[in-house]
Trainee: 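To start, I am sharing the structure in question, which I have written as structure tokens.
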Amino acid sequence: MEKLVSLCQRRGFIFPSSDIYGGLSACWDYGPVGVELKRNVKEAWWRASVQDRDDMVGLDTAILMNPRVWEASGHVTAFSDPLVECKGCHQRFRADDLPPEAEGRCPSCGGEFTEPQQFNLMFKTFMGPVEDAASVVYLRPETAQGIFVNFANVLNTSRKRLPFGIAQVGKSFRNEITTGNFIFRSREFEQMEIEYFVRPGSDDEWFAYWVKERLGWYAGLGIRPENLRLRQHTEDELAHYSRCCSDIEYSFPMGWAELEGIANRADYDLKQHMEYSGKGLTYLDEETNKHIIPYVIEPSAGVDRTVLAILCDAYDEEPDKDEIRVLFHFHPDIAPVKVAVLPLSRKENLAAFARDVYASLRPCFATQYDDTQSIGRRYRRQDELGTPYCVTVDFQSLEDNMATIRERDTMNQIRVPVPALAATLQNKLAGEDIFVLPEGGVIWKEETKGG
Ligand code: GAP
């Protein structure tokens, strides 16, 4: 994890928040490369969860909501963790998250703890110019409630019939007692949540469906299946709204830990909001002509935890001559940079040629242009960014109008006519290892081992 954190900072993936002021505990900033990776993750999720499906619609709701929402949802009374304080060093810990070897004493100084007190995890702020109890609002601790309170709005405007789902991606905030492990548990993070509404009685079937679907999604991002597992919650672990829940866990460097929770929330939330708001949130069942309250299956994933799992899974070190080659084997769909154009020299005639190549590729892929330092150093830099392909332009290119494509994982190189570069890279990024020349149907095969 330490190596990953330092590489992420060095290469512009993730920085501590407010770094020049010494950071802010458990808050992180995504740098120029990290923001692309994160966007690619969210876009892949949105495509799979909303755009590629007929039974889903999206939503983007406000972070600040009427405080009654959180009374109805149970967060004001039940969204808390047991907090203990060491009587010796006054450090605070989550009583249910202490390392077993501490044997109920302070892991820092061995001191005795105070009695556990329930600590609510919601951040509070004030709306308007007066700071009193009547103006308290909360930063949302989950995006889900924005979906439930809009159930009728979406139903009336989208005319979806059961079963159907509503998806949302957005920031959530939790005043976590124990944070750490880089972006695994932070106080400001992003969630990708689906509330999938079904007929009561079909909920077990849909629960199983979503578990399979979501596991498949992570595997599709290139995460190795042996690093993923499913863990069912025990009765005493269940959240206040949940009938049953399974976590998709990833084998992080610190051990197996939750990546996503898939819960059966039954009719808890819609019922609560009907009671607290006095508004009808039922569904007129076309089969029975009766009003019913749908049950809800909720696959709730963390953007930052997915990014962390991808970083951990893709990180690799390989012996390379006398050195170690560090690289990320990102799946092409989520790689922050897809192609880097590297001219062998900065000489004017070659630079102009390389710039033209860059200009022709940039509209097709996230492409970088890099002409600093030796070609070897530039390859290593792109490896550390996880760039699947580098395109090298040399003096021979000026003669034959060809360029070299160098593959990140194998370091193999092939020489390709410049007019065929975009089509070839497109095929390669899509997993096809052949390409067809635009003018002719020629299949290129020749490869050489490079550095
Ligand atoms: N609406 C249900 C819900 O919020 P959760 O299990 O509390 O369920 C869902 O959160 C996901 O959100 C987690 O699986 C995790 O990926 C992410 N998450 C929760 N708390 C987090 C935190 N403090 N830092 C980063 N990600 C977090």
Side-chain angles (χ1 to χ4, degrees), residues 14 17 24-28 30 38 41-42 45 59 61 63 65 69-70 73-75 78-81 94 96-97 119-123 138-149 165-196 207 210-211 214-215 217-218 221 223 228-233 237-250 252 254 256-266 268-270 272 296-312:
I14 298 164
S17 162
L24 179 69
S25 168
C27 295
W28 299 91
Y30 286 75
K38 194 183 188 198
V41 167
K42 290 189 279 184
W45 184 89
L59 207 57
T61 68
I63 287 171
M65 302 176 76
V69 169
W70 306 109
S73 68
H75 283 79
F79 194 59
S80 53
D81 282 336
R94 240 176 88 173
D96 58 349
D97 200 23
F119 173 78
N120 196 291
L121 301 184
M122 283 198 294
F123 277 100
Y138 301 95
L139 301 191
R140 69 179 176 201
E142 61 171 18
T143 65
Q145 296 305 323
I147 297 180
F148 293 123
V149 299
I166 306 177
Q168 165 152 240
V169 181
K171 289 264 184 176
S172 292
F173 303 82
R174 294 183 190 177
N175 197 1
E176 300 279 2
I177 300 169
T178 353
T179 55
N181 289 316
F182 197 22
I183 51 172
F184 178 81
R185 186 174 286 121
S186 43
R187 295 197 166 103
E188 174 177 343
F189 55 97
E190 267 186 283
Q191 292 184 306
M192 307 180 280
E193 298 201 284
I194 295 171
E195 306 304 327
Y196 198 76
F207 183 83
W210 277 108
V211 165
R214 296 299 306 143
L215 272 169
W217 185 75
Y218 290 104
L221 290 187
I223 295 184
L228 292 168
R229 75 175 187 193
L230 199 66
R231 192 183 66 81
Q232 201 176 341
H233 280 210
E237 273 181 284
L238 289 176
H240 61 274
Y241 49 74
S242 182
R243 268 185 87 197
C244 75
C245 183
S246 286
D247 285 347
I248 296 179
E249 294 189 332
Y250 179 78
F252 288 102
M254 67 281 185
W256 288 96
E258 176 186 344
L259 200 50
E260 164 161 356
I262 301 166
N264 182 345
R265 292 178 84 126
Y268 174 84
D269 302 271
L270 291 179
Q272 290 290 106
V296 175
I297 306 301
E298 177 194 65
S300 171
V303 177
D304 312 81
R305 284 195 194 171
T306 307
V307 168
L308 184 60
I310 286 168
L311 287 168
C312 293

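The figures here come from the full heavy-atom set of this structure, side chains too, leaving out hydrogens, waters and symmetry mates. Throughout, numbering of the chain's residues begins at 1 and tracks the sequence. Note that ligands are numbered from 1 as they come in the structure, with each ligand's atoms numbered from 1 the same way. Since the structure is predicted, the reported quantities are computational estimates derived from the model, not experimental observations.
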Trainee: Mark yes or no for whether Arg305, through its side chain, and Phe184, through its backbone, hold a donor-acceptor pair below 3.5 Å.
Mentor: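 Pair found, side chain donor or acceptor close to backbone of Phe184.
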
Trainee: Consider every N or O of Gly302 and every N or O of ligand 1, then say whether any pair is closer than 3.5 Å.
Mentor: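 Yes, Gly302 has an N/O under 3.5 Å of an N/O on ligand 1.
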
Trainee: Looking only at protein heavy atoms, identify the closest one to atom 14 (O) of ligand 1 and say how far it is in Å.
Mentor: Glu258 OE2, 2.5 Å

Trainee: Do the side chain of Ser242 and the main chain of Leu238 share a donor and acceptor less than 3.5 angstrom apart?
Mentor: no

Trainee: Of the protein's non-hydrogen atoms, which lies at the shortest distance from atom 10 (O) of ligand 1, and what is that distance?
Mentor: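 Atom 10 (O) of ligand 1 sits closest to the protein heavy atom Gln191 NE2, 3.4 Å.
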
Trainee: Charged N to carboxylate O under 4.0 angstrom, Arg187 versus Glu176?
Mentor: no

Trainee: Considering the heavy atoms of Gly261, write down every atom of ligand 1 situated less than 4.0 Å from one of them.
Mentor: 14 (O)

Trainee: Who's closest to atom 11 (C) of ligand 1 heavy-atom-wise, of Ala26, Ser300, Ala144, Ala263?
Mentor: Ser300

Trainee: Check whether any heavy atom of Arg265 sits under 4.0 Å from an atom of ligand 1.
Mentor: yes

Trainee: Report the residues that fulfil ring-ring contact (aromatic ring centres under 6.0 Å, His included) with Tyr250, sequence neighbours left out, ordered by chain and then residue number.
Mentor: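 Phe252.
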
Trainee: Main chain of Thr61, side chain of Gln168: is a donor-acceptor contact present, judged purely on distance under 3.5 Å?
Mentor: yes

Trainee: Please answer whether the main-chain N or O of Phe182 pairs with a side-chain N or O of Trp28 as donor and acceptor at a distance below 3.5 Å.
Mentor: yes

Trainee: Could you list the atoms of ligand 1 found under 4.0 angstrom from a heavy atom of Glu176?
Mentor: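 Counting from 1, the qualifying ligand atoms are 20 (N), 22 (C), 23 (N).
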
Trainee: For Tyr241, which part has a heavy atom under 4.0 Å from ligand 1: side chain, backbone, both, or neither?
Mentor: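 The answer is the side chain of Tyr241.
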
Trainee: Pick one: which of Val307, Asp304, Val169 meets side chain to side chain contact (heavy atoms under 4.5 Å, CB included) with Val41?
Mentor: Val307

Trainee: Would you give the length of the straight line joining atom SG of Cys312 to atom CE of Met254, rounded to the nearest 0.5 angstrom?
Mentor: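 One gets 7.5 Å once the value is rounded to the nearest 0.5 Å.
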
Trainee: Going by an N to O cut-off under 4.0 Å, is there a salt bridge joining Glu260 and Arg231?
Mentor: no

Trainee: Run the numbers for me: atoms of ligand 1, each under 4.0 Å from some heavy atom of Glu260, listed by number.
Mentor: 14 (O)

Trainee: Is it true that a side-chain atom of Glu193 and a backbone atom of Thr143 form a donor plus acceptor pair closer than 3.5 Å?
Mentor: yes

Trainee: Using modelled atom types and a 3.5 Å cut-off, is there a donor and acceptor pairing between side-chain atoms of Tyr268 and backbone atoms of Ser73?
Mentor: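 At least one qualifying donor-acceptor pair exists.
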
Trainee: For atom 2 (C) of ligand 1, what is the nearest protein heavy atom, given as residue, atom name and distance?
Mentor: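 Minimum-distance protein heavy atom for atom 2 (C) of ligand 1 reads Glu298 OE1, 3.1 Å.
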
Trainee: Starting from atom 18 (N) of ligand 1, which protein heavy atom do you reach first, and at what distance in Å?
Mentor: Phe189 CE1, 3.6 Å

Trainee: Looking only at N/O atoms, are Arg185 and ligand 1 under 3.5 Å apart anywhere?
Mentor: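 No; the residue has no nitrogen or oxygen that sits under 3.5 Å from a nitrogen or oxygen of the ligand.
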
Trainee: Where on Glu142 is there a heavy atom closer than 4.0 Å to ligand 1, on the side chain, on the backbone, on both, or on neither?
Mentor: side chain

Trainee: Any N or O of Ser186 that comes nearer than 3.5 Å to an N or O of ligand 1?
Mentor: yes

Trainee: Measure the distance from atom 25 (C) of ligand 1 to every protein heavy atom, then report the residue, atom name and distance (to 0.1 Å) of the closest one.
Mentor: Phe184 O, 3.1 Å

Trainee: Contact between ligand 1 and Leu259 is defined here as a heavy atom of the residue under 4.0 Å from a ligand atom; is it met?
Mentor: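 Leu259 counts as a contact of ligand 1 under the 4.0 Å cut-off.
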
Trainee: Looking at atom 19 (C) of ligand 1, what's its closest protein heavy atom, distance included?
Mentor: Arg174 NH1, 3.5 Å

Trainee: Which one holds for Gln145 and ligand 1: side chain close, backbone close, both close, or neither close, with close meaning a heavy atom under 4.0 Å?
Mentor: neither

Trainee: Just let me know how Glu193 lines up against ligand 1, side chain, backbone, both or neither, with a heavy-atom cut-off below 4.0 Å.
Mentor: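 The answer is the side chain.
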
Trainee: Do side-chain atoms of Glu190 reach the backbone of Gly170 as a donor and acceptor pair under 3.5 angstrom?
Mentor: no

Trainee: Look at atom 15 (C) of ligand 1 and say which protein heavy atom is nearest, naming residue and atom and giving the distance to 0.1 Å.
Mentor: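 Here the nearest protein heavy atom works out to Arg305 NH1, 3.5 Å.
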
